[in-house]
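Structure, as structure tokens:
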Protein chains: 2
Amino acid sequence: MPYKEREINKLYYTMGEVTEMFDVNASQIRFYEREFDILQPKKNKKGNRLFTQEDISNLKIIFNLVKEKGYTLQGAREFLRTNKNEAKENQRVVDSLERLKSFLLEVRDSL
Amino acid sequence: MPYKEREINKLYYTMGEVTEMFDVNASQIRFYEREFDILQPKKNKKGNRLFTQEDISNLKIIFNLVKEKGYTLQGAREFLRTNKNEAKENQRVVDSLERLKSFLLEVRDSL
DNA sequence: AAAAAGCATGCCATATAAAGAGCGCGAAAT
DNA sequence: ATTTCGCGCTCTTTATATGGCATGCTTTTT
């Protein structure tokens with residue numbers, strides 16, 4: 001009989017659990033769900049939300065950005081969006097700078 | 001048209017210059033002055049504001065945080081309190097790159 | 001069965017934040 | 001002397017963010 005961490009690795013959290021966890025009310029969670037694409041909890045046949053660990057994690061990030069860091073919802077959205085593509089963006093910047101460098105060398109040589 | 005990092009910097013900027021520089025209206029600048037301790041432009045005998053280079057620099061940082069990054073004023077205040085030096089340095093780099101960019105654009109157009 | 005609890009959607013109300021607008025005044029410039 | 005600019009002040013407006021309610025449907029409890 002293998003050891004299972006059922007409590008810790010819960011599959012799904014209910015709306016009530018989530019509101020208690022973050023000490024907010026349900027309408028705010030639903031509101032955030034509308035505001036942030038990354039929040040997409042599953043729903044059961046009845047329609048009740050089933051928040052995954054991933055959803056909880058995303059909510060933590062969002063609440064941190066908004067409540068601790070002082071981002072607007074808009075700002076938090078953009079932050080999340082650009083952090084997702086962080087690697088891509090870095091590469092893009094590097095490429096851009098490389099092109100810039102060779103251009104500068106050309107300019108210098110033409111003077 | 002040589003590229004110069006350093007520009008001849010004015011000692012003081014008037015309210016009109018500042019509002020045009022940031023494309024905002026005066027009440028917002030005055031508002032920010034109340035909201036951010038860091039903003040303390042001098043005033044002449046008449047009471048008109050004399051914005052120093054330092055004030056401009058601080059305004060740039062604030063506008064970047066609020067308009068680009070999506071911070072609330074409250075969030076920007078806290079950010080500045082703990083990251084003022086880093087923010088300054090970042091802004092310095094950004095300014096430098098933007099001057100470089102416009103220089104490059106001029107070069108391109110002159111070809 | 002009846003009552004209560006939990007959650008759904010949808011709409012409206014509220015609070016605060018952020019920005020803009022109007023005004024009368026005065027100094028300086030044209 | 002008229003215009004321009006900016007002052008402080010106050011009032012409004014707009015946007016953001018959150019809360020709350022009405023109603024209805026299941027599930028759980030009494």
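Only this structure's heavy atoms are used, side chains among them; waters, hydrogens and symmetry mates stay out. Within every chain, numbering begins at 1; the chains are lettered A, B, ... in the order of the sequence lines, protein sequences first and strands thereafter.
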Of all residues at least two apart in sequence or in a different chain, which pass the ring pair (Phe, Tyr, Trp, His ring centres under 6.0 Å) check with A:Tyr71? A:Phe79, B:Tyr71
Detail all sub-3.5 Å separations between protein N/O atoms and N/O atoms belonging to nucleotides 22-27 of chain D.
none

Set of residues satisfying side-chain hydrogen bond (donor to acceptor under 3.5 Å, both in side chains) with respect to A:Ser57, sequence neighbours excluded: none
Once rounded to the nearest 0.5 Å, what's the spacing between atom CZ of A:Phe51 and atom CD of A:Gln40? 12.0 Å
Side-chain polar contacts of residues 58-70 of chain A - donor-acceptor pairs under 3.5 angstrom, sequence neighbours left out - could you list them?
| unit_1 | atom_1 | unit_2 | atom_2 | d |
| --- | --- | --- | --- | --- |
| A:Asn58 | ND2 | A:Glu54 | O | 3.4 |
| A:Asn64 | OD1 | A:Lys69 | NZ | 3.1 |

Just wondering, more than 12 heavy atoms not from B:Asn44 lying within 6.0 Å of its CG? yes
Could you check how far OH of A:Tyr71 sits from P of D:dT16, rounded to whole Å? 18 Å
Contacts to DNA chain D from residues 18-35 of chain A, heavy-atom cutoff under 4.0 Å, which residues? A:Asn25, A:Ser27, A:Gln28, A:Phe31, A:Tyr32
Going 5' to 3' along DNA chain C, which nucleotides are the first and last within contact of chain A (any atom under 4.0 Å from a heavy atom)? C:dG6 to C:dT9
Residues which pass salt bridge (Lys or Arg N to Asp or Glu O under 4.0 Å) with B:Glu20, listed by chain and number, not counting sequence neighbours: none
Assign each of B:Glu17 and A:Phe63 the nucleotide of DNA chain D bearing its closest heavy atom; nearer the 5' end lies the nucleotide of B:Glu17
Distance test, side-chain N/O of B:Arg49 to OP1/OP2 of D:dC7, below 4.0 Å: yes
Taken in chain and number order and not counting sequence neighbours, the residues that satisfy side-chain hydrogen bond (donor to acceptor under 3.5 Å, both in side chains) with B:Arg49 are B:Glu33
A:Gln53 vs A:Tyr12, side chain to side chain donor-acceptor pair (under 3.5 Å): CA-CA, chis, key distance, verdict: CA-CA 7 Å; A:Gln53 198 62 48; A:Tyr12 298 120; over 6 Å; no
Contacts of B:Glu78 meeting salt bridge (Lys or Arg N to Asp or Glu O under 4.0 Å) (sequence neighbours excluded), chain-then-number -> none
Which part of the nucleic acid, if any, lies within contact of A:Lys43, taking any heavy atom under 4.0 Å across all strands shown: a base, the sugar-phosphate backbone alone, or nothing? sugar-phosphate
Return the value, rounded to whole Å, for the distance between atom CG of A:Leu65 and atom C1' of D:dT16. 17 Å
Between atom CD1 of A:Ile56 and atom CE of A:Met21, what is the distance when rounded to the nearest 0.5 Å? 4.5 Å
Neighbours of DNA chain C within residues 72-82 of chain B, by heavy-atom distance under 4.0 Å: B:Thr72, B:Leu73
Hey, quick one: are B:Leu11 and B:Tyr13 part of the same hydrophobic cluster, counting side-chain heavy atoms closer than 4.5 Å, chains of contacts allowed? no
side-chain hydrogen bond (donor to acceptor under 3.5 Å, both in side chains) partners of A:Thr19, counting only residues at least two apart: none
For B:Asp55, give me all partners under side-chain hydrogen bond (donor to acceptor under 3.5 Å, both in side chains), at least two apart in sequence or on another chain. B:Thr52
